[in-house]
Each structure stands twice: as C-alpha cells, then as structure tokens.
Amino acid sequence: MSRQAILQKIRTALGRNAGEPPPPVPPALFDPLPLDRAAFVPLFFAAIERLAGATYRAVSQKDAGEIVRSLVVGKQSVASNAPLLEACGIPSLPGVERWTDREALRTACSAADVGITSASYALADTGVLVMLSGHD
Amino acid sequence: MAVPHTGKMKTTLADANLQLALYAGTGRLIDHRRKAVGQTIFPTYEDLRTQAHLIKRHTIENLDYYLERLESQVVAHGGKVVFCQDGVEVADFIVDLAKQRGARLIVKSKSMTTEEIDLNERLERHNLEAVETDLGEYIIQLAGQKPYHIVAPALHMTRYDVAEVFTRKLGIESETVPEKQTMIARAVLRQKFLAADIGITGANFLVADSGAVVLVENEGNARLTSSAPKIHIAIAGIEKVIPRAQDLPVFLKLLGRSATGQALTSYTSILSGPRRGDENDGPEEFYLILLDNGRTQLLRDPDRRQSLYCIRCGACLNHCPVYRKIGGHSYPWVYSGPIGAVITPQFHGVAKEPWLPFASSLCGACAEVCPVKIDIPKLLLDLRADVTDEKQRTGKSRLEKLTWRIWANVMCSPRLYGIAGRFAAAFGSKGGRWIRSLPWPLNRGPLGEWLSQRELPLPARFRFRDQWRSR
C-alpha cells in the first residue's frame, strides 16, 4: 500500500504520470587515463605501495606459489576457491585451508591470520583490486 | 528568536578539549580533501561535480520512473523491495520478519537513514538486539549518543573518552592506545557477526539499470554485515537511486575524495541480490527498503528539491565555520552542519526549529565544496524567508516588527536621531560596555542573547553633529 502512496506523492509533486518515460539521461562521462599498457603495472605497484601494501612480481604460477608459501609460513590461512590459486598450488601449502561448506568457511575465516584470494581486475591508477564474488 | 539549543552550544564552546577535537578532526578532513581534489584526475574534479549534479537533477526530476526500474531489477535478481513511509513501517517490517525467522541478533553497518528513524531504539523495544559494527558507531552506541558527524560519528571523542566508555560498558581496564581499542572492538564484533541472524546496512547508491546496492566503507564491516548473516536488509532513502551503472564511477570518485580525501574508499561493495543456487557466499534472503519519511515533501518545490541530491559526504560540515564551533550535537536532528540546516526544516517544518536556517554565516564554503553542487546558501536564504513568513502568520514577529518600526522612525527623523545620539553619547562618556550594563529586563530575552555574542562599538563621546556645529 505504501508503494502506491509514495509513488503517487512523487508523481504529484513532479507533475508526472505513471509509466511516463524520462527524457534522455545526460551522456555518460568517460575519460580514460591517457597511458599506454606498459605503464599500467608500475603504476599499479606504486599505487598499492602508497596505500601501505606490499607487491611481488611472480614470473610463473610456480613462482607465485612459492612467494605465497614464504608469506604464510607459520600462519593459519584460508584460500578462496579461485582456479588461479589452484593452478599456483596454493591450497596444498602447509597451513592453508580451503572450504566450500558455508559454516566451515565462516568458522575458518573468523580465526584465520591470512586470507588468500585472486582478483578479477587490478586498477592501475588507484591500486584497487576488483573481486567478483559468488563463484569462487 | 527562540534559541532552544543554546545550552548545548554554550557547553560545546566552553569545552576546550572538545573545541580542540572538533577543530583538529574537521581540519584533518579538510586537508585530506584538498590534497585529493588537487590531484590530476580524469575527468577533472570540476567536470565530475557538474556531471554528478546533472545526473542527480535528472534522476530526482524523474524519480518515480527510476524507482520502478530499480524495483524490477532487484526483483529480477531474487531480492524483494519494500516501500516504507516512515520509521514505524520500517520497524514493523523488520520485527515481523524477525519473528517469522526466529531472529534475535542484528548487526548493522553505518547508516544515517537508520539513525534518522531511530531504528535501534525501535527494534530494542521488541527485544531485538541491534549492534552497530562501524567502529565509531559502535563507540557512540555504547556511549548512548547520536552521531556527531555524518562521516565520523565519534569525531568529538578522544581516546581517553573511548577508554572510559569501554571500561564502563565492556568492563575492560583503562586502555588508551587506539590500536588496542580497535582490537578490543574487533574481538567483540567478530563474535556478533558470526552469531547474527540479520544484517542491516544502508546504501550509498542504488543503481536502477542493474538493481545493484552500492556500499562504500573503510572498515570491511558493511561487507561482513551484508554477507555473513542469512538475511540482508538494505535501508535507503528514495533519493539514493542513480540511473545507470556507468554513472557510478562519477559518484564513487567524488564521495571518497570529498568525505575522507581518498581516491576510493577501502571497500566498495556492489551487491546484486541474495546468493544464487550455485554460489557459496552471500545472504539467503535480500530485502531493499525504500524510505520516504518526508522526502516527497521536498520534491514539491523545483528549487528546493536539490536538497535531495546530497550524497552524505560531510564536506560541508568540515568547512562550515559554525559547525566547527558548535559541533554536531548542537543541531536538533541527526543531520548537522549546513546540509542539516537545509533538510531538517524541510522535513519537520520551519516552525519547529526556526533558528536552524540562521545557523550559518552564508560564507558559501559549503556550496564550493559540495560534490553535487547543491546551492546551500540559496536554500538557507529561502528557508529564512519561510521562517519570517511563518512568524508573521502566527504573530510571533510583533516585538521584532515594533523594534524595527521604532528604529526606522528614529533613522528617518533628524530630531529623534539627534536625541538618540545625545543619549548614546551620554552613556558612552561613562566608558566601558554600556549596553551590556543595561538593567534588567532590557538585557534579557532576544536582546540579551544578541548581546551575549557581540561587542558593540562604544558611541563617540563628541558627536559628529556637535563637532560640525562647533567648526
């Protein structure tokens, strides 16, 4: 009931009718960073370090696994189910757990020292990692 | 004019520690914002502000269309949308849902919309425990206070104040190291997240074309609130909707920079309904509550509806010389500072807190820093006119009118002006603060309030007229 009342109050205040389409939305503002691709990784590393993060450059999946091994040694860790982590051998490292059961995952995460994920995108200008959740 | 909050203002002004905390806290936010907007960004900061203003104007002018679009998309993604007129309807919905699901414990992330409707208090009356999980909000909830600032709710509290609250409420020996205080709160809240039945968040933006709820935060607590419990409820004002996903970057770039001076906040969550059948994470049920609570009243006036463009960054508070002196608790509602002075009278009527539109020096700093270009000084002037109209309508301005009529008569009559000048010079010749020493009852009421904050210049002992005659 409140739905109709609220929508009707809005339409009355704005002088609009139900189902009336709006005029065109202002054009989207899109102005990409004028950089070539070669600059992306150094820029991303610099942005992460400005945010007090640490970066490592792995030359192979095996190398990535070894870097993670050195970081999690002696710590309780939880890895996500991302295929890239599997390819790097990370779930089989000592001390690293991986769960698919919701309750077990929650309990493990609440006690973990380290969380290990992949990322879908890395944004060069801000140092942001984009993770799409739901599948991993 | 009646000034019911003078008590809070006076205690704030007299508290040197609070003044220091207020000045330092807002000063840090000003510095961070200045550095962030001064950086080279693409598009430019001014282009972003203009675009945000255009998008907000377009959305608000066609609000019913975008709300229905948003609703259809949320439903398509498995969520449910509930329209609520006020706080009572919101609380009734949540209490009913909690009863049906046997829920007792609710975790909440920071939300001014839920503060606006006193949601925690309403839920507690139904034996539901609602725990704030943003660190600042958690501290002020323990202290039994309301947010002091839109973005930094515990801006007014020192680490010693926090230590005292933790000792009193959590039984923890005095701990004054901020990092250790954070770990104490973290340990308590972690257990709450794991045990909670329902998570309640606000929403910074609602994207109509995808049905996404966007949460912007720095602590990760909103992400846990929306994903750990089996039920997620997002509560947002109807004005939070934007048309397209491609408009979102404009607002994300502006919000972080304007609020805390960050290019982006630490966590930006874009949520689209409950988890699907093949997914491990996320809530099993998702509800989006769209709240009116007076917002539709603001739509009536084509100029004033721009008040609904606000994205709650708090920049206008930080830059306001009045807010920086009187602080957040001197304002009568949860929205303080210039934006509070604009929206509170429009939500509750100008007669209720007629002093609010006057709580501004009209310096214009608020409009200069507003990321969506709300013309706050213009709105304040319009509301001042409303206050005057209201006073005339109700006859409350009789004394003021009489005062101005006497003043006008004196200023228009050379003879009366001369007598008044001679009177003033006679007092002036005694030296000192002559008007303040006026006897009771002349130094009471509105005149007393007015004089309490002003030093009047001493009248000349030898008047210009007398000097001119004696040449």
Side-chain angles (χ1 to χ4, degrees), chain A residues 1-35 47 50-53 80-81 98-107 109-112 115 123 125-136, chain B residues 41-44 47-48 50-51 54-55 57-68 71 81-86 89 190-191 193-194 227-228 238 243-244 246-247 249-250 262-264 266 268-269 271-272 275-276 278-282 290-292 295-302 305:
Chain A
M1 202 159 73
S2 293
R3 178 188 185 278
Q4 278 312 315
I6 291 170
L7 289 173
Q8 191 51 50
K9 275 197 268 185
I10 294 171
R11 288 184 187 120
T12 304
L14 297 173
R16 286 176 46 81
N17 298 312
E20 183 181 331
V25 193
L29 194 61
F30 182 68
D31 199 354
L33 203 61
L35 285 175
R50 268 202 309 277
L51 297 169
S80 78
N81 295 305
R98 189 176 58 163
W99 296 93
T100 50
D101 176 70
R102 181 187 169 94
E103 290 307 317
L105 179 64
R106 281 158 60 113
T107 307
C109 285
S110 70
L123 308 188
D125 61 341
T126 51
V128 163
L129 294 170
V130 180
M131 295 170 203
L132 303 178
S133 181
H135 299 291
D136 300 338
Chain B
I41 55 172
F42 301 92
T44 69
D47 288 345
L48 288 169
T50 303
Q51 179 74 359
L54 292 173
I55 292 168
R57 188 168 70 190
H58 171 85
T59 316
I60 296 295
E61 300 288 333
N62 303 282
L63 188 58
D64 56 316
Y65 173 85
Y66 287 111
L67 287 175
E68 287 193 304
E71 180 188 31
V81 177
V82 182
F83 286 78
C84 290
Q85 308 231 40
D86 53 28
E89 288 191 4
R190 186 53 59 99
Q191 295 311 311
F193 281 123
L194 284 173
S227 60
I238 52 175
R244 305 165 298 195
Q246 55 193 312
D247 299 319
V250 172
Q262 294 168 283
L264 272 176
S266 299
T268 303
S269 301
L271 310 171
S272 53
R275 69 188 173 106
R276 318 305 192 259
D278 63 334
E279 295 172 349
N280 289 324
D281 304 326
L290 294 170
L291 179 68
D292 177 355
R295 285 163 174 79
T296 45
Q297 288 170 199
L298 275 66
L299 288 172
R300 289 184 205 145
D301 185 307
R305 63 180 68 136

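First the proteins, then the strands, lettered A, B, ... as listed; each starts at 1. All values below come from the heavy atoms of this structure, side chains included, with hydrogens, waters and symmetry mates left out.
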For salt bridge (Lys or Arg N to Asp or Glu O under 4.0 Å), just list the numbers for E68(B) and R11(A), CA-CA rounded to whole Å, side-chain angles, deciding distance to a tenth of an Å, and then say yes or no.
-> CA-CA 12 Å; E68(B) 287 193 304; R11(A) 288 184 187 120; 3.1 Å; yes
Among [options], which residue forms the greatest number of heavy-atom pairs with chain A at distances under 4.5 Å?
options	result
Q262(B), R305(B), H58(B)	H58(B)
D292(B), V250(B), L290(B)	D292(B)
Q297(B), R300(B), R276(B), R244(B)	R244(B)
N62(B), T296(B), V81(B)	N62(B)

Would you confirm whether R3(A), through its side chain, and C84(B), through its main-chain N or O, come within 3.5 Å as a donor-acceptor pair?
-> no
Does any N or O in the side chain of Q51(B) come within less than 3.5 Å of the main-chain N or O of P27(A), such that one atom is a donor and the other an acceptor?
-> yes
Is it the side chain or the backbone of [X] that comes within 4.5 Å of chain B heavy atoms, both, or neither?
X	value
L129(A)	neither
S110(A)	both
E20(A)	backbone

Tell me, for L67(B) versus chain A, whether the close heavy atoms (under 4.5 Å) come from the side chain, the backbone, both or neither.
-> side chain
Hey, is E61(B) close enough to R16(A) for a salt bridge, meaning N to O under 4.0 Å?
-> no
Working to the nearest 0.5 Å, report the span between CG of L14(A) and CD1 of I60(B).
-> 8.5 Å
Of the listed K9(A), Q8(A), Q4(A), the one with the largest count of heavy-atom pairs under 4.5 Å with chain B is K9(A)
Who wins among L105(A), I6(A), T107(A), L7(A) for the most heavy-atom pairs under 4.5 Å with chain B?
-> I6(A)
Criterion side chain to side chain contact (heavy atoms under 4.5 Å, CB included) on Y66(B) and V25(A), from CA distance to verdict | CA-CA 11 Å; Y66(B) 287 111; V25(A) 193; 3.4 Å; yes
